[in-house]
Amino acid sequence: MLTFDEAIALLETVVAPLRSETLPIAAAADRFLAKPLAARSASPARTVSAMDGYAISGGTGAAGRWFDLVGENRPGAEDPGSIAQDQTVRVLTGAPVPQGTDCVVMQEYAERDGSRVRFAEGYGPATHIRAAGSDFAAGDVLVAAGERLTPRAMIAAAAADRADCTVSARPRVAVIATGDELAPPGTSADRPGSVPESASYGVAALCEAMGGDVLGRFHGRDTIDELERIAGEALAISDCIIVTGGASVGDYDLARPMFERHGLELVFGRIAIKPGKPVWLGKAGKKLVLGLPGNPTSAMVTARLFLQPLLAAMQGGTIARQLCFVPMPLGASLPRSDSRETFVRARSSAQGLVPAENQESGAQSPLVTADWLIRRPANSPPAAAGDLVLALPF
């Protein structure tokens, strides 16, 4: 079996960015940039005040002496004017400062008498001036290609003063749940022997959170004719197909055979990880097919480890960024791990990461609070509370 790192390396060889499209900035939130976004002009475009206060020249040693108030500048003022040594101009935050200004005194230090102003001791040493171009210069790349336009990145994107941007198309995704025993939520109790189908709901939600457009959701019973038909329908509408279940070696495990008639070429199958050994990846023509385990918890863990990076890469993002494991302290002990690399579900707490008590692949309730995956190499020794472990946001 492959190791986790070997499987990810193979994943990187088969995923390529999709087509791109140009959108207005207002419609581009949460999309991945296909081209870098560069600033049209500097920010700030002119030297401006960082505070409400008074612009002066000769800012050191101004305490106690009177200045003549000769004007007021507001944000957007076209002509900031100029000042001499004995003059001051009232300025508001973001307003251009007059020529000759070397300090803005905060208004809390000002005493005003008609058209005269003087300042109390202690107004410095900060000058409260933002120099032109101190944030970024014209032509600076503010958001790189492959970056996602998060709410924070949208600030920089709009500040670039571009009306539109070029983003990667959203991956078109189809999700197929397989298994005779599965019933739609709300109907299982009325059908003896069935279980609610839950894995596809979490997988579809992850797809949408990662920018995917889920165009089709299918449930196939364990017959090859029906599954082959569903596979064809899914391939016709999508860039990527996710299959849950049917990935073991039994007579009714048909997740891979259902795509063989459609030209499936296997990239990898069966990985030495826990949970998730049955995960597999293939290509049918130009379409990617990712097979996830049928157990809902295993499906969600492997979706985080393989599907999330895959969808990011299809949009020009990097797989490595999606799999950035960071050192985190344990909030409770961990037992020795077995011969497979293990991804432990855990929840964050003030003391550190607390592993879920039930790590069974069929346990679904711990997913509600599990927000981290702890990566445990094969045959890791026991770990105590306070020890550092490598972990990934889940």
Any chance you could lay out the side-chain contact (heavy atoms from CB on, under 4.5 Å) test for Ile271 and Phe306, step after step, and finish with the verdict? CA-CA 12 Å; Ile271 304 172; Phe306 295 95; 3.5 Å; yes

Is the shortest distance from a Lys or Arg side-chain nitrogen in [X] or [Y] to a carboxylate oxygen in the other one below 4.0 Å?
{"X": "Arg172", "Y": "Asp213", "value": "no"}
{"X": "Asp68", "Y": "Arg116", "value": "no"}
{"X": "Asp5", "Y": "Arg375", "value": "yes"}
{"X": "Glu265", "Y": "Lys283", "value": "no"}
{"X": "Glu21", "Y": "Arg31", "value": "yes"}
{"X": "Arg221", "Y": "Glu226", "value": "no"}
{"X": "Arg321", "Y": "Glu147", "value": "yes"}

How long is the straight-line distance from [atom2] of [Y] back to [atom1] of [X], given to the nearest 0.5 Å?
{"X": "Leu227", "Y": "Ile176", "atom1": "CG", "atom2": "CD1", "result": "8.0 Å"}
{"X": "Leu305", "Y": "Gln322", "atom1": "CG", "atom2": "CD", "result": "11.5 Å"}
{"X": "Leu307", "Y": "Leu292", "atom1": "CG", "atom2": "CG", "result": "6.5 Å"}
{"X": "Arg112", "Y": "Leu69", "atom1": "CZ", "atom2": "CG", "result": "5.0 Å"}
{"X": "Thr369", "Y": "Arg347", "atom1": "OG1", "atom2": "CZ", "result": "6.5 Å"}
{"X": "Leu215", "Y": "Glu233", "atom1": "CG", "atom2": "CD", "result": "13.5 Å"}

Any donor and acceptor pair, going by atom type alone, linking the side chain of [X] with main-chain N or O of [Y] inside 3.5 Å?
{"X": "His219", "Y": "Ala183", "answer": "no"}
{"X": "Glu197", "Y": "Ala199", "answer": "yes"}
{"X": "Ser20", "Y": "Thr166", "answer": "no"}
{"X": "Lys287", "Y": "Ser238", "answer": "yes"}
{"X": "Asn358", "Y": "Glu360", "answer": "yes"}
{"X": "Gln315", "Y": "Met210", "answer": "yes"}
{"X": "Arg130", "Y": "Val48", "answer": "no"}
{"X": "Asp86", "Y": "Phe67", "answer": "no"}
{"X": "Thr93", "Y": "Asp52", "answer": "yes"}
{"X": "Asp140", "Y": "Leu142", "answer": "no"}

Given side chains that start at C-beta, do those of [X] and [Y] come closer than 4.5 Å, heavy atoms only?
{"X": "Leu288", "Y": "Val14", "result": "yes"}
{"X": "Ser200", "Y": "Phe218", "result": "no"}
{"X": "Gln107", "Y": "Met51", "result": "no"}
{"X": "Arg46", "Y": "Pro80", "result": "yes"}
{"X": "Leu92", "Y": "Asn73", "result": "no"}
{"X": "Asp164", "Y": "Leu23", "result": "no"}
{"X": "Val301", "Y": "Arg345", "result": "yes"}
{"X": "Leu310", "Y": "Leu11", "result": "yes"}

Please identify which of these residues, Ile56, Val117, Thr101, Ile83, meets the side chain to side chain contact (heavy atoms under 4.5 Å, CB included) condition with Val89. Ile83

Side chain to side chain donor-acceptor pair (under 3.5 Å) between Ser57 and Gln87: does it pass, once the steps are laid out? CA-CA 8 Å; Ser57 177; Gln87 294 177 327; over 6 Å; no

Atom [atom1] of [X] with >12 non-hydrogen neighbours under 6.0 angstrom:
{"X": "Arg152", "atom1": "CZ", "result": "no"}
{"X": "Arg65", "atom1": "CZ", "result": "yes"}
{"X": "Arg40", "atom1": "CZ", "result": "no"}

Can you label the angle between the Phe119 ring and the Tyr54 ring as parallel, tilted or perpendicular, going by 30° and 60°? tilted

What is the ring orientation for Phe325 with Phe4, classed by angle as parallel under 30°, tilted 30 to 60°, or perpendicular over 60°? perpendicular

Shared hydrophobic cluster, [X] / [Y] (ILVMFWY, side-chain heavy atoms < 4.5 Å):
{"X": "Val195", "Y": "Met300", "answer": "no"}
{"X": "Trp280", "Y": "Ile230", "answer": "yes"}
{"X": "Met154", "Y": "Val167", "answer": "yes"}
{"X": "Val267", "Y": "Leu290", "answer": "yes"}
{"X": "Leu281", "Y": "Leu10", "answer": "yes"}

Taking all atoms of both residues into account, what is the closest heavy-atom pair of [X] and [Y], and its distance?
{"X": "Ala255", "Y": "Val243", "result": "CB-CG1, 3.9 Å"}
{"X": "Gly58", "Y": "Asp102", "result": "N-OD2, 2.9 Å"}
{"X": "Ser348", "Y": "Leu353", "result": "CA-CD2, 4.0 Å"}
{"X": "Ser49", "Y": "Val104", "result": "OG-CG1, 3.5 Å"}
{"X": "Ser298", "Y": "Ser361", "result": "OG-CB, 3.0 Å"}
{"X": "Cys165", "Y": "Ile25", "result": "SG-CD1, 4.0 Å"}

Judged by modelled atom types alone, do Ser337 and Thr342 share a side-chain donor-acceptor pair under 3.5 Å? no

Starting from the C-alpha separation in whole Å, work towards a yes-or-no answer on side-chain contact (heavy atoms from CB on, under 4.5 Å) for Cys207 and Leu311. CA-CA 8 Å; Cys207 289; Leu311 291 172; 4.1 Å; yes

side-chain contact (heavy atoms from CB on, under 4.5 Å) evaluation trace for Leu235 with Phe259: CA-CA 9 Å; Leu235 287 166; Phe259 287 95; 4.1 Å; yes

Phe343/Leu392 under side-chain contact (heavy atoms from CB on, under 4.5 Å): CA gap, chis, key distance, verdict: CA-CA 9 Å; Phe343 293 90; Leu392 181 74; over 6 Å; no

Has Arg217 got its NZ or CZ under 6.0 Å from the middle of the six-membered ring of Tyr201, at an angle within 45 degrees of the ring axis? yes

